[in-house]
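Worksheet: the structure to be examined is printed underneath.
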Amino acid sequence: MVVNGHPRAHRLLTAGDFRSVFDQVDVKAACPELLLLARTNADAQARLGFIISRKNCRSAVARNRVKRIAREIFRTHYADWPQLDIILMARPGIDQLSKEDLHRLIAKQLQRLTRRWHKSQTAAAE
RNA sequence: CGAGCUGGCCAGGCAGUCGCCGCUUCGAAAGAAGGGGAGGAAAGUCCGGGCUCCAUAGGGCAGGGUGCCAGAUAACGUCUGGGCGGCGAAAGCCGACGGAAAGUGCAGCAGAAAGGAAACCGCCAUUCGCUUGCGGAUGGUAAGGGUGAAAAGGUGCGGUAAGAGCGCACCGCGGCUCUGGUAACAGAGUCGGCGAUGGUAAACCCCACCUGGAGCAAGGCCAAAUAGAGUCCCAUUAAGGCGCGGCCCGCGCUGGGACCGGGUAGGCUGCUUGACCCGGACGGUGACGUCCGGGCUAGAUGAAUGACUGUCCACGACAGAACCCGGCUUAUCGGCCAGUUCGCCUU
């Protein structure tokens, strides 16, 4: 396992950070339970933020579970992610998934997002 | 030992690795070390209080809330003790439990009649008719039948034409007196025959007591940006600045600076030492209070308290702090302890 931390510099912190992603979404990855939105940033490192509403995920315990699992994946594989500001949005039904399913799903979607970003970068370069 | 009742407690343990958020120490910094880091309900937001800002001379009305009595408390719709009623064999549990003799309203169906009543079937008396045991008329009667949640005290005896608190006894109800109790209330005595006072107040209402409004996104501080009403200084047909340009000329545009004043983004604060926790003594039946000693036990703000590995077992429920307390209610895998009731067995 690659050993990494998850300091504040690796997170989206302010309302402005979130707005900038919504204003210009470069890549996204979607599935029924969650949606990833991302924008290339200037810091040359990946940052992660969450939007998990009470409407889509009623229990506070379930909301915490999603965030912890996502952070854990983001942290342990930090070297894999390109210079993106990523927002993870929860969709209805995410609170029905087990811990194992959530882990698999989030890892898969993050990898999809990364692949799409690399593809778009090479396309832009040509 | 079994069945039950009441109260309290725990909420997987241990070890390692990697993370996250405060704190302390060291360090110029990067960072390092040490130590701490969700709950019994953190929840629902249903009550009460603190705190903050706004409003407010005093009083009343309206609106809202509470509702047996006494006490506890910062306060409460909470808690404790007591009373009354109900359930249970008991321990114990449950109860919006003030007023219907101030007024207004409401009550489906059934039933003859539903509120200052009423004669459908009956029962009885008188009387008329005849086919002599049936029909009619007048009156008496609430004992019986039937309807209903409810038919205006109940049971028994007497009484009567048949009946009826018509009379009597006991019970119930109401008034008064006395006794016990702070009180709710209870007990005893006495009077009243009981057409008095039917039910419903989670119907309006009456009575007593309580009650301003908004909430930590409260509120306070710093403050890029950017309107400017203002003050001061400098310049005042200029100089300077900006644009065109390699430079000069030239052309075009334009007063400059500081303070003040707001206050957006953002940051800081409020933010955890408190009606706190633990132990002891004393007072009180108890809730609780007083005193003494000791302790510091999350404080985040895109929001931490987690993940993985090993191991053990009874294989782990409901669930995540957001200003802080006191309750209530609801969710919850299991386990432990204490007290208590009943039954069975043994001595």
Side-chain angles (χ1 to χ4, degrees):
Chain A
M1 190 193 285
V2 184
V3 173
N4 282 309
H6 185 59
R8 285 190 208 278
H10 293 182
R11 308 179 211 164
L12 297 181
L13 294 173
T14 64
D17 294 338
F18 281 81
R19 208 177 310 116
S20 77
V21 175
F22 280 116
D23 287 347
Q24 192 199 323
V25 177
D26 292 331
V27 278
K28 58 184 175 182
C31 69
E33 289 83 11
L34 58 86
L35 172 66
L36 294 174
L37 302 173
R39 174 187 184 163
T40 310
N41 66 31
D43 299 342
Q45 59 182 358
R47 297 194 297 171
L48 182 66
F50 299 98
I51 297 180
I52 301 173
S53 73
R54 205 174 141 74
K55 190 176 149 200
N56 293 337
C57 193
R58 277 202 71 76
S59 148
V61 173
R63 289 196 295 277
N64 278 339
R65 188 169 58 220
V66 173
K67 287 191 273 189
R68 283 167 181 164
I69 290 171
R71 260 191 227 112
E72 193 65 17
I73 297 166
F74 189 77
R75 177 176 78 81
T76 50
H77 299 93
Y78 190 71
D80 297 352
W81 320 126
Q83 57 194 77
L84 284 172
D85 284 350
I86 304 166
I87 295 177
L88 186 153
M89 288 183 76
R91 286 177 158 180
I94 195 162
D95 50 350
Q96 304 297 317
L97 296 175
S98 71
K99 225 158 63 171
E100 291 74 23
D101 288 344
L102 260 175
H103 199 280
R104 266 196 300 278
L105 185 73
I106 295 171
K108 191 176 147 197
Q109 294 300 320
L110 273 171
Q111 282 156 12
R112 276 180 69 196
L113 187 78
T114 308
R115 266 203 312 280
R116 287 185 185 181
W117 183 80
H118 284 304
K119 227 169 169 181
S120 73
Q121 289 303 103
T122 49
E126 284 165 5

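Letters A, B, ... mirror the listed sequences (proteins, then strands); counts begin at 1.
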> If you measure from the P atom in B:C277 to the same atom in B:G64, how many Å do you get, rounded?
Replying inline: 39 Å
> Can A:F50 be classed as stacking with the base of B:G302, given a centroid separation cut-off of 5.5 Å and a plane angle cut-off of 30°?
Replying inline: no
> A:R75 and side chain to side chain contact (heavy atoms under 4.5 Å, CB included): which partner among A:E72, A:H77, A:R71?
Replying inline: A:E72
>> Please report the distance separating the C1' of B:A142 from the corresponding atom of B:A152, rounded so that it comes out in whole Å.
In response: 11 Å
>> Work out how far the P atom of B:U25 is from that of B:A29, and round it to whole angstrom.
In response: 14 Å
>> Tell me which nucleotide, if any, is Watson-Crick or G-U wobble paired with B:U301 when both distances must be under 3.5 Å.
In response: none
> If you measure from the P atom in B:C268 to the same atom in B:C292, how many Å do you get, rounded?
Replying inline: 42 Å
> With sugar-phosphate meaning primed atoms plus P, OP1 and OP2, does A:R63 contact a base, only sugar-phosphate, or nothing at under 4.0 Å between heavy atoms?
Replying inline: nothing
> What nucleotide among B:G320, B:G302, B:G19 has an atom nearest to a side-chain atom of A:R75?
Replying inline: B:G19
> Between A:H10 and A:Y78, what is the ring plane arrangement, given parallel below 30°, perpendicular above 60°, and tilted in between?
Replying inline: parallel
> Watson-Crick or G-U wobble partner for B:G2, using a 3.5 Å limit on both distances?
Replying inline: B:C342
> Among the nucleotides B:U305, B:A319, B:G302, which one has an atom lying closest to any side-chain atom of A:I51?
Replying inline: B:G302
